[in-house]
Amino acid sequence: MPEGHTIHRAAREQRRLLRGDAMRASSPQGRFAAGAALVDGATLRDVEAYGKHLFYRFGDGHLVHVHLGLFGRFRLHRAPVPEPRGAVRLRLVGERGGLDLLGPAACAVVDADERAALLARLGPDPLRADADPGAFTSRVRRSPAPVGALLMDQAVIAGVGNVFRAEALYACRIHPGRTGRDVSAEEADALWATVAGMLADGVRRGRIVTTANGRPWSRIPRGERTYVYGRETCLACGTPVQRFDLRGRMAYSCPRCQPR
DNA sequence: AAGAATGTTATGTA
DNA sequence: CTACATAACATTCT
């Protein structure tokens, strides 16, 4: 579930919930790291998203860092909010409803310095107005690493995961194994714009569909929502999709649409 | 019911 | 020092 768009969408929904509804925190499992007691019952003031990271600011001054990792998800409830089911690490409840955070890789109270250190490690996030595309382009073009690895490197660009890596490179006709150095400035710019568009689309839809062309995603059969990601053959041309391990994650590409 | 899956980080090795 | 591989950790679904 978690790529950058998921995080921004969650932040947006949660901000919307916040409006006119005081959300109070609790940690049903009592596994809420060191600051549990301090945050329990605190009122949520704001939710910030950066790349795949979320920061919750509470009225009592506490800041909670959340990272969904591979398995983390949010469950939204309308009031009355049911008993917690599963490993609920953080629960936020208001008058109209609430939400549970399950299985996150990180859910901990942090201070301003820790937040700053976390953000300092991240590259520009295309979903943020303050993002600098030039930083991405120059970093890519200086690197001898495969562009497929660079796209997943959160220090190079924040928010891209395995699906967007595969689909953005496909859309730009760039083979994931090409080195950053080998990517032209035009290609790098196009890659940024493509990722930005795909992430924004993901926020709007709440899912990743790179083949929709404006059609409702629900009318697109499962397995036809990406061109190469998770597929045996390229959706566009039918050529068998190449799969290979890139820095421990499976990369996908069409040898015909994305020649070396 | 084993295994895969939209991640990150720490650590070991070349 | 850097790059890369590996393991560990989180949970749900098929």
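Computation of the quantities below employed the complete heavy-atom set of this structure, encompassing side-chain atoms and omitting hydrogens, waters and symmetry-equivalent molecules. So that the names make sense, note that chain A is the first sequence line, chain B the second, and so on, each numbered from 1.
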Atom CG of Leu151(A) and atom C1' of dG7(B): how far apart are they, to the nearest Å? 15 Å
Within 45° of the axis and under 6.0 Å from the centre of the six-membered ring of Tyr170(A), does NZ or CZ of Arg173(A) qualify? yes
May I have all residue pairs that pass ring pair (Phe, Tyr, Trp, His ring centres under 6.0 Å) and include part of residues 235-260 of chain A, sequence neighbours excluded? His175(A)-Phe244(A), Tyr229(A)-Tyr252(A)
Where each pair must be Watson-Crick or G-U wobble with both distances under 3.5 Å, what dot-bracket representation of DNA chain B is obtained, with crossing pairs in [ ] and other-strand partners as |? .||||.||||||||
What's the CZ-C1' distance between Arg89(A) and dT11(C), to the nearest Å? 12 Å
Would you name the heavy atoms of Ile157(A) and Pro126(A) that are closest together and state the gap between them? CD1-CG, 3.8 Å
Between CG of Leu101(A) and P of dT11(C) the distance, given in whole Å, is 10 Å
Rounded to the nearest 0.5 Å, how far apart are CD1 of Ile174(A) and SG of Cys257(A)? 13.5 Å
May I have all residue pairs that pass salt bridge (charged side-chain N to carboxylate O under 4.0 Å, His left out) and include part of residues 136-165 of chain A, sequence neighbours excluded? none
May I have the distance from Asn162(A) (atom CG) to dA5(B) (atom C1'), rounded to whole angstrom? 10 Å
With a cut-off of 6.0 Å (strictly less than), are more than 12 heavy atoms of other residues, nucleotides or ligands near CD of Glu114(A)? yes
Atom NZ in Lys52(A), atom NE2 in His5(A): separation rounded to 0.5 Å? 11.0 Å
Kindly give the atom pairs (protein nitrogen or oxygen, nucleotide nitrogen or oxygen) under 3.5 Å for nucleotides 4-9 of chain C.
residue: dC4(C); atom: OP2; partner: Arg247(A); partner atom: NH1; Å: 3.0
residue: dC4(C); atom: OP2; partner: Arg247(A); partner atom: NH2; Å: 3.1

For dA1(B) versus dC9(C), give the span between their P atoms, rounded off to a whole number of Å. 24 Å
What is the distance from CZ of Arg231(A) to P of dA5(B), rounded to the nearest Å? 16 Å
Tabulate atom names and distances for all N/O pairs under 3.5 angstrom spanning the protein and nucleotides 8-14 of chain B.
residue: dT8(B); atom: OP2; partner: Lys52(A); partner atom: NZ; Å: 3.3
residue: dT9(B); atom: OP1; partner: Arg121(A); partner atom: NH2; Å: 2.4

Expressed as a whole number of angstroms, how long is the span from Leu70(A):CG to dC13(C):C1'? 13 Å
Is the shortest distance from a Lys or Arg side-chain nitrogen in Arg243(A) or Glu232(A) to a carboxylate oxygen in the other one below 4.0 Å? yes
Value in whole Å for how far the P atom of dT11(C) lies from CZ of Arg73(A): 13 Å
Applying side-chain contact (heavy atoms from CB on, under 4.5 Å), name anything that partners Ala171(A), two or more places apart in sequence or on another chain. Thr194(A), Met198(A)
Please report, rounded to the nearest Å, how far the C1' atom of dG7(B) is from the CZ atom of Arg165(A). 12 Å
Tell me whether the count of non-hydrogen atoms from other residues, nucleotides or ligands lying under 6.0 Å of CZ in Arg256(A) goes above 12. no
Near Arg57(A) CZ, under 6.0 Å, is it more than 12 heavy atoms from other residues, nucleotides or ligands? no
